[in-house]
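Below you'll find the structure, written out as structure tokens, and then a few comments.
Residue numbers start from 1 in every chain, and the chains themselves are labelled A, B, ... in the order their sequence lines are given, proteins ahead of strands.
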Protein chains: 2
Amino acid sequence: MLEITTINDVARLAGVSASTVSRALSGRIPVDAETKQRVLEAVQQLNYCPNALAKGLKEGKTYTVGLIIPNIRNPIFPAVARGVEDVARKHGYTVILCNTDESIPVEMDYVNKLQKRWVDGLIFATATSKSSHILQLVKEEFPVVLLVRKMEMLLDAVVVNNHMAAYNATSLLLRRGCRKIALINGNPEVNVYRERLEGFIEAHRELGLAINEKLITQGVSGAREGYNACKAILQEGLAFDALFATSDRKAMGSMKALKEKGIRIPEDVKVIGFDDLDTTEMIDPPLTTMSQPTYEMGAKAMERLVKIINSKKRLKPLVEELEAQLVIRSTT
Amino acid sequence: MLEITTINDVARLAGVSASTVSRALSGRIPVDAETKQRVLEAVQQLNYCPNALAKGLKEGKTYTVGLIIPNIRNPIFPAVARGVEDVARKHGYTVILCNTDESIPVEMDYVNKLQKRWVDGLIFATATSKSSHILQLVKEEFPVVLLVRKMEMLLDAVVVNNHMAAYNATSLLLRRGCRKIALINGNPEVNVYRERLEGFIEAHRELGLAINEKLITQGVSGAREGYNACKAILQEGLAFDALFATSDRKAMGSMKALKEKGIRIPEDVKVIGFDDLDTTEMIDPPLTTMSQPTYEMGAKAMERLVKIINSKKRLKPLVEELEAQLVIRSTT
DNA sequence: CTGAAAGCGCTTACAG
DNA sequence: CTGAAAGCGCTTACAG
């Protein structure tokens, strides 16, 4: 198997002790310039690379963090993960990717495996009202940042202002004169979707407009379910002049259902999505949507986590709320 | 900070030595049933979880692997990563995600950081003809599996038969009577795209048909570049009756360019893509495409890596070639 | 079946 | 500035 060169090999070659090699490499502790030179040459010659495990064991740090998400195949998470990773790399950290499919046992399993001295901190994009294990971690002063979804408790988090985003999306439709807006929403037990529902409601209430509850479908996820949900509304024969889907995939599915019925977009029904996936401008007609700063959210969450890890004392929790941008294309 | 319970705490509480705790937990070495019981109770009571670093340092294993990909935002990689992770989890491994953006220095940086005893193996989805560092790793008998892209050298790899896939895609267009097929291809220095080009050529050659080189555009990546590439062909005034894009995103971009010119799909120009992204059936008209078994590729690559890691002796390299499936929708 | 000891590869007070 | 020693938390021959 692979020959591993250790700090002792370097010490021997450079004619110094292991301690000195360690010091020369750390840079923090003064070492005679000439000695340092010899050490560096030996390191070079042997292609030495310190064993991160031994270092971590000694220092109680691994420079590794865990990123816990529902599913990387959900199209907002690749960009989120990139944001996390790019910042992690910048600070010398490495990222362990954990998909849970919203399963609490899977998540607990990951947390147990990663927590004890394995990783220096965790980022959760899976928080729900049932995430008591996250509260437990925070209580133990383990570095944690929430991402995308926040919790009732005041914990460090980076999220989008979903209430305002949904309010703005709905208001656009209202300004366009629509009065019967169908809402295709995600699981309302997830904070994100509850807030979007509230924003939708508030935009109506502000103008004193009634909402037809029958036009609201919740717990929908993905293009296919979006298609089915829209088709169901159509089959019930309910009239509507606009449709707000709380994800672009649901919007795409809905558009397909509308087109199949010969309903024209935006003439008969206006449509607005959420996420601004990069294919939304390629579809026909190009979709109006709320653009989430996904990459930025990931990056900010990791910045925050590094700050928490490096802080001696406990920091006051900080919730960063970013804003979604309205991107107007041709469906409105 | 977090109180860490060690094996010694458990030993003290159970009234045994640390060795015995270790044995009781490992299961491999016989321990008196009653003693074992006491140990397990102590473990439970203290919520003890062995320090993976110390264990790894001692055993020379970390149960961690690195997954090195160009960019998780490229839409085939989320499914690939899920495949890798699910199998990893099944075998008790954890996955470190590394995006390189095709940059060799970034990749070298990751490899250096991960290699020395950090990770037990690496999966590369970034191989090109310039990846000499991968050959070096294999020479050192470090466990490596290539994914998506293979190399000239015979190394363990899990890929799609791209030649055949492109051949089949092209043949479909030819069978439909098309004789002037535009090809929008990726970077031909990457094995994958070179093979797809060859499959395209072979399908023509087999029928004794000529190819108009001017209808071939290479080095194109993503929806926007696909749009531009198709627009460029259109602007040159070159006639074509079909278009084969070697990714769905390029196909979607191309379709947009065609529609803008009022060209009807499939009546005037037939289009075929590659990947079978989950939004392709939602676009208008639904896209015919070659479906890649992305999840399965990731899963198989990880299975192979586990086998290599656990094998005492060097295994003979194995290249697994999976087949892409033709999914016929409405653009052909 | 069980304990004491050595050692995985590092880092860091402790002396000099 | 530098070396010898101790120790991070485990596991595993080595004795009994």
Side-chain angles (χ1 to χ4, degrees), chain A residues 1-40 42-43 46-64 92 113-120, chain B residues 1-40 42-43 46-64 92 113-120:
Chain A
M1 265 302 275
L2 191 54
E3 276 314 303
I4 307 279
T5 33
T6 73
I7 197 167
N8 291 307
D9 301 325
V10 177
R12 204 171 307 122
L13 183 61
V16 296
S17 73
S19 327
T20 300
V21 174
S22 176
R23 291 184 190 113
L25 257 34
S26 91
R28 288 186 304 274
I29 295 155
V31 172
D32 180 83
E34 197 205 326
T35 313
K36 187 167 183 171
Q37 187 55 35
R38 275 216 315 285
V39 169
L40 261 30
V43 165
L46 297 172
N47 188 26
Y48 169 70
C49 174
N51 179 321
L53 252 50
K55 196 174 145 118
L57 180 57
K58 186 68 191 154
E59 296 183 334
K61 275 208 73 171
T62 60
Y63 289 94
T64 298
K113 197 155 40 175
L114 298 183
Q115 181 197 4
K116 308 272 167 165
R117 299 294 201 110
W118 234 126
V119 298
D120 297 342
Chain B
M1 265 301 276
L2 191 53
E3 276 313 303
I4 308 278
T5 33
T6 72
I7 197 167
N8 291 308
D9 301 325
V10 177
R12 204 171 308 121
L13 182 62
V16 296
S17 73
S19 327
T20 302
V21 174
S22 177
R23 290 182 191 116
L25 258 33
S26 90
R28 288 185 305 273
I29 296 156
V31 172
D32 180 82
E34 197 206 324
T35 313
K36 187 167 183 173
Q37 187 55 35
R38 276 217 313 286
V39 170
L40 261 29
V43 164
L46 296 172
N47 189 24
Y48 168 71
C49 173
N51 180 322
L53 252 51
K55 195 174 147 118
L57 180 57
K58 187 65 191 157
E59 297 182 333
K61 274 207 74 170
T62 59
Y63 289 94
T64 298
K113 197 156 37 176
L114 298 184
Q115 182 198 2
K116 308 272 168 166
R117 299 294 201 113
W118 233 126
V119 297
D120 298 342

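Here the closest non-hydrogen pair linking B/Thr6 and B/Asp9 is N-OD2, 2.8 Å. The two residues A/Thr5 and A/Leu46 make their nearest non-hydrogen contact at OG1-O, 3.6 Å. Of all heavy-atom pairs spanning A/Gly60 and A/Asp120, the tightest one is O-OD1, 4.5 Å. When all heavy atoms of A/Arg23 and A/Ile29 are compared, the closest pair comes out as CD-CG2, 3.6 Å.
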Under 3.5 Å donor-acceptor pairs involving side-chain atoms of residues 12-21 of chain B, not counting sequence neighbours:
unit_1, atom_1, unit_2, atom_2, d
B/Ser17, OG, B/Ser19, N, 3.4
B/Ser17, OG, B/Thr20, N, 3.3
B/Ser17, OG, B/Thr20, OG1, 3.3

Reading nucleotides 10-16 of chain C 5' to 3', which nucleotides get B (base under 4.0 Å from a protein heavy atom), which S (sugar-phosphate only), which -?
-> BBBB---
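Qualifying side-chain hydrogen bond (donor to acceptor under 3.5 Å, both in side chains) partners for A/Asn8, counting only residues two or more places apart in sequence or in other chains: none. Residues forming a side-chain hydrogen bond (donor to acceptor under 3.5 Å, both in side chains) with A/Thr64 (at least two apart in sequence, or on another chain): none.
Taking atom CZ of residue A/Arg12 and atom P of nucleotide D/dT2, one finds them 19 Å apart after rounding to whole Å. For the pair B/Leu53 CG and D/dG7 C1', the computed distance is 15 Å after rounding to whole Å. When the C1' atom of D/dC8 is taken as reference, atom CG of B/Asp9 falls 14 Å away, rounded to whole Å.
The C1' atoms of D/dG16 and D/dT12 are separated by 16 Å, rounded to the nearest whole Å.
Within the 4.5 Å cutoff, the side chain of B/Leu57 has no heavy atoms near those of the B/Thr62 side chain.
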Strand DNA chain C in bracket notation, Watson-Crick/G-U under 3.5 Å with | for pairs to another chain | |||.||||||||.|||
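To the nearest 0.5 Å, atom CG of residue A/Asn51 and atom CG of residue B/Leu53 are 9.0 Å apart. A/Tyr63 OH to A/Lys55 NZ: the interatomic distance, rounded to the nearest 0.5 Å, is 6.0 Å.
Residues of residues 30-37 of chain B that place a heavy atom closer than 4.0 Å to DNA chain C, in numerical order, are B/Pro30, B/Val31, B/Asp32, B/Thr35.
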